[in-house]
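Read through the structure below, which is laid out as structure tokens, and then see the notes.
Hydrogens, waters and symmetry mates are skipped; everything else that's a heavy atom, side chains included, is used.
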Amino acid sequence: MNLVPLADRVVLKQFEAEEKTKSGIILTSAAQEKPQQALVVAVGPGTEDVKMEVKVDDQVIYSKYAGTEVKLDGEEYIIVKQSDILAIVK
């Protein structure tokens, strides 16, 4: 991957949206809600004020409207500030 985040930014790969509801109804792509859970694929160095607490391969939950979506080599990524990450899933 050629994305190298700067400062306190983190590159995330979003998990796939659910295609079925719990009751078995198949959703169209327009009706699918984007998941707020993602995999960390790159982490910036941080700043003097911000120590980076996430690392590559962490699963995280991030704010719903956070970040900038980018497409690179056919893959979609989201670049967020570390402060937009709400929790690490363990």
Side-chain angles (χ1 to χ4, degrees):
M1 176 182 46
N2 296 333
L3 285 176
V4 180
L6 302 175
D8 64 339
R9 290 179 177 78
V10 180
V11 179
L12 303 175
K13 176 121 176 84
Q14 197 171 39
F15 291 135
E16 295 295 320
E18 291 290 326
E19 294 181 11
K20 280 188 185 179
T21 64
K22 290 181 182 179
S23 61
I25 297 172
I26 297 175
L27 300 171
T28 64
S29 60
Q32 294 173 357
E33 187 172 325
K34 288 188 174 184
Q36 290 173 256
Q37 193 168 351
L39 182 69
V40 175
V41 294
V43 177
T47 65
E48 290 180 17
D49 299 329
V50 179
K51 175 184 170 248
M52 299 307 284
E53 297 183 31
V54 296
K55 60 187 182 308
V56 174
D57 292 331
D58 278 349
Q59 289 186 21
V60 297
I61 296 174
Y62 62 96
S63 297
K64 190 169 194 163
Y65 299 106
T68 301
E69 294 182 5
V70 295
K71 194 170 191 176
L72 181 68
D73 297 332
E75 296 285 333
E76 291 185 18
Y77 300 97
I78 300 170
I79 301 174
V80 300
K81 286 190 163 212
Q82 180 176 256
S83 60
D84 291 327
I85 295 175
L86 306 174
I88 298 173
V89 179
K90 293 198 179 207

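- In this structure, the separation between CG on Asp84 and CD on Gln36 is 11.5 Å, given to the nearest 0.5 Å.
- Lys64 NZ to Leu86 CG: the interatomic distance, rounded to the nearest 0.5 Å, is 12.5 Å.
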Discussion item. Could you walk me through whether Tyr62 and Val10 satisfy the side chain to side chain contact (heavy atoms under 4.5 Å, CB included) test, starting with their C-alpha distance in whole Å, then the side-chain angles of each, then the deciding distance to 0.1 Å, before giving a yes or no?
Written reply: CA-CA 11 Å; Tyr62 62 96; Val10 180; over 6 Å; no
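- A single hydrophobic cluster is seen to contain both Ile85 and Val56, as judged by linkage of ILVMFWY side chains at heavy-atom distances under 4.5 Å, directly or through other members.
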Without placing hydrogens or testing angles, list every side-chain donor-acceptor pair under 3.5 Å for residues 38-47, not counting sequence neighbours.
unit_1, atom_1, unit_2, atom_2, d
Thr47, OG1, Asp49, N, 3.3
Thr47, OG1, Val50, N, 3.0

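- Residues that satisfy the side-chain hydrogen bond (donor to acceptor under 3.5 Å, both in side chains) test with Lys55, not counting sequence neighbours, are Asp58.
- Applying the side-chain contact (heavy atoms from CB on, under 4.5 Å) criterion to Val70, with sequence neighbours excluded, gives Leu3, Thr68, Tyr77, Ile79.
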Worksheet item: Going through the checks in order, is the side chain to side chain contact (heavy atoms under 4.5 Å, CB included) test met by Gln14 and Glu76?
Response: CA-CA 8 Å; Gln14 197 171 39; Glu76 291 185 18; 5.7 Å; no
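- Remark: Ser83 pairs with Lys81 by the side-chain contact (heavy atoms from CB on, under 4.5 Å) rule, at least two apart or across chains.
- For Asp8, the side-chain hydrogen bond (donor to acceptor under 3.5 Å, both in side chains) criterion is met by no residue, not counting sequence neighbours.
- For Glu53, the side-chain contact (heavy atoms from CB on, under 4.5 Å) test picks out Gln82, with sequence neighbours left out.
- Rounding to the nearest 0.5 angstrom, the gap separating the NZ atom in Lys13 from the CD atom in Gln59 is 13.5 Å.
- No continuous path of ILVMFWY side-chain contacts below 4.5 Å connects Ile61 to Met52, so the two sit in separate hydrophobic clusters.
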